[in-house]
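Worksheet: one structure, shown below.
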Amino acid sequence: MFSFTKIGIEYSHRFLGYDGEAQYLHGHHGELTIKVEGEINSKNGFVQPCNDIKRIAWDYLQNFDHALILQENDPLLPEILKVYEKQGIRNGAPSNRTRGLPIDTNLAKAYPECRLIVVKKVATCENLIELFYSLLKDKINIKKMTFTSGMNGASATY
């Protein structure tokens with residue numbers, strides 16, 4: 001049996017070295033669907049309550065909401081940090097109240113204080129699924145993940 005939930009995030013990114021429109025900084029509404037597998041719990045009737053799945057995932061994924069995702073070698077990265085420093089928001093601003101759990105892995109590092117994610121690979125749907133799965137696989141019994149960004153998407157089954 002399966003349960004699934006959806007989580008929406010708003011983010012901006014660009015595809016470094018891409019020959020096309022996506023080489024420019026642009027934003028998306030992304031939607032991650034997390035499907036879990038297991039037996040139905042006779043006490044509550046769920047495989048896993050969807051609110052539990054969402055809460056566990058959101059602890060990490062809120063770092064991506066209203067964030068800028070850049071590759072570590074993007075020449076915009078040091079310039080963005082300079083601008084944030086000049087604006088006085090590099091180390092956070094009172095309006096930045098949404099901060100996820102720390103992320104510092106071989107795939108990405110989060111800077112929640114300034115709404116920035118630095119990734120090793122280009123932020124495609126496929127690579128973001130890999131990143132999201134790496135963050136959540138030990139916390140949720142994930143069977144499948146689908147991530148859509150605008151009209152595009154990718155899925156992976158585990």
Query raised in the report: In the hydrophobic clustering that connects Ile, Leu, Val, Met, Phe, Trp and Tyr at side-chain heavy-atom distances below 4.5 Å, which members other than Leu76 occupy its cluster, ordered by chain and number?
Result: Leu25, Leu68, Leu70, Leu77, Ile80, Leu81, Tyr84, Ile89, Tyr111, Leu116, Val118
Requested in this report: Answer yes or no: is there a side-chain heavy-atom contact under 4.5 Å between Ile7 and Phe64?
Outcome: no
Query - Qualifying residues under side-chain hydrogen bond (donor to acceptor under 3.5 Å, both in side chains), relative to Glu79, sequence neighbours excluded - result: Lys82
**Report entry** Atom CD of Gln87 with >12 non-hydrogen neighbours under 6.0 angstrom
**Finding:** yes
Report task. Using only heavy-atom distances, determine whether the side chains of Glu10 and His66 contain a donor-acceptor pair under 3.5 Å. Result -> no
Query raised in the report: Mind checking who shares a hydrophobic cluster with Phe2, ILVMFWY linked at side-chain heavy-atom distances under 4.5 Å?
Result: none
Requested in this report: Over all heavy atoms of both residues, which pair between His28 and Ser149 is shortest? Give the atoms and the distance, please.
Outcome: CG-OG, 3.0 Å
**Report entry** ILVMFWY clustering at 4.5 Å (side-chain atoms), partners of Tyr24
**Finding:** none
Requested in this report: Check the hydrophobic clustering (I, L, V, M, F, W, Y; side-chain heavy atoms under 4.5 Å; chains of links allowed) and say if Leu16 and Ile117 are grouped together.
Outcome: no
Name every donor-acceptor pair, under 3.5 Å, that has one atom in a side chain of residues 44-60 and the other anywhere in the protein, sequence neighbours excluded.
unit_1: Asn44; atom_1: OD1; unit_2: Phe46; atom_2: N; d: 2.8
unit_1: Lys54; atom_1: NZ; unit_2: Lys6; atom_2: O; d: 3.3

Requested in this report: Could you pull out all residues at least two apart from Glu72 that satisfy salt bridge (charged side-chain N to carboxylate O under 4.0 Å, His left out)?
Outcome: Lys120
Requested in this report: Could you list the residues that satisfy salt bridge (charged side-chain N to carboxylate O under 4.0 Å, His left out) with Glu113, not counting sequence neighbours?
Outcome: Arg90
Query raised in the report: How many angstroms lie between CD1 in Ile140 and OG in Ser3, if you round to the nearest 0.5 Å?
Result: 11.5 Å
Report task. With sequence neighbours left out, write down each residue that passes side-chain hydrogen bond (donor to acceptor under 3.5 Å, both in side chains) with Lys137, or none if nothing qualifies. Result -> none
Query raised in the report: Hey, mind stepping through Thr33 and Thr146 against side-chain hydrogen bond (donor to acceptor under 3.5 Å, both in side chains) and telling me if it holds?
Result: CA-CA 5 Å; Thr33 302; Thr146 300; 5.4 Å; no
Query raised in the report: Phe15 and Asp74: side chain to side chain contact (heavy atoms under 4.5 Å, CB included), yes or no, with the steps?
Result: CA-CA 9 Å; Phe15 293 166; Asp74 193 317; over 6 Å; no
Query raised in the report: Is it true that a side-chain atom of Arg14 and a backbone atom of Gln23 form a donor plus acceptor pair closer than 3.5 Å?
Result: yes
Query - Residues clustering with Phe4 (ILVMFWY side chains joined when closer than 4.5 Å, directly or via others) - result: none
**Report entry** Lys35/Met145 under side chain to side chain contact (heavy atoms under 4.5 Å, CB included): CA gap, chis, key distance, verdict
**Finding:** CA-CA 6 Å; Lys35 183 177 179 183; Met145 293 181 103; over 6 Å; no
Quick one: side chains of residues 121-131, donor-acceptor pairs under 3.5 Å with protein atoms, not counting sequence neighbours, listed by atom name and distance.
unit_1: Lys121; atom_1: NZ; unit_2: Glu130; atom_2: OE1; d: 2.7
unit_1: Lys121; atom_1: NZ; unit_2: Glu130; atom_2: OE2; d: 3.2
unit_1: Thr124; atom_1: OG1; unit_2: Asn127; atom_2: N; d: 3.1
unit_1: Thr124; atom_1: OG1; unit_2: Asn127; atom_2: ND2; d: 3.4
unit_1: Asn127; atom_1: ND2; unit_2: Val122; atom_2: O; d: 2.9

Query raised in the report: Counting only heavy atoms not in Asn73, do more than 12 sit closer than 6.0 Å to its CG atom?
Result: yes
Report summary line: Value for OG1 (Thr5) from CD1 (Ile34), rounded to nearest 0.5 Å, stands at 7.0 Å
Query raised in the report: Quick one: side chain to side chain contact (heavy atoms under 4.5 Å, CB included) partners of Asp104, sequence neighbours excluded?
Result: Lys109
Query raised in the report: How far apart are the closest heavy atoms of Val119 and Ala108, and which atoms are they?
Result: CG1-CB, 4.0 Å
Query raised in the report: Which value, rounded to the nearest 0.5 Å, describes the distance between Glu37 atom CD and Thr157 atom OG1?
Result: 10.5 Å
Requested in this report: Name the orientation class of the two ring planes belonging to Tyr133 and Tyr158 (parallel below 30°, tilted from 30 to 60°, perpendicular beyond 60°).
Outcome: parallel
Query raised in the report: Does the side chain of Leu32 come within less than 4.5 Å of Phe132's, by heavy atoms?
Result: yes
Query raised in the report: Are Ile69 and Val83 joined in one hydrophobic group, where the rule is that I, L, V, M, F, W and Y side chains link up if heavy atoms are under 4.5 Å apart?
Result: no
Query raised in the report: What side chain to side chain donor-acceptor pair (under 3.5 Å) pairs are there with at least one residue in residues 93-103, not counting sequence neighbours?
Result: Asn96-Arg115
**Report entry** Asn63 side chain vs Gly100 backbone, donor-acceptor pair below 3.5 Å
**Finding:** yes
Report task. Output yes when a side-chain donor or acceptor of Asn141 lies under 3.5 Å from a complementary backbone atom of Val36, and no otherwise. Result -> no
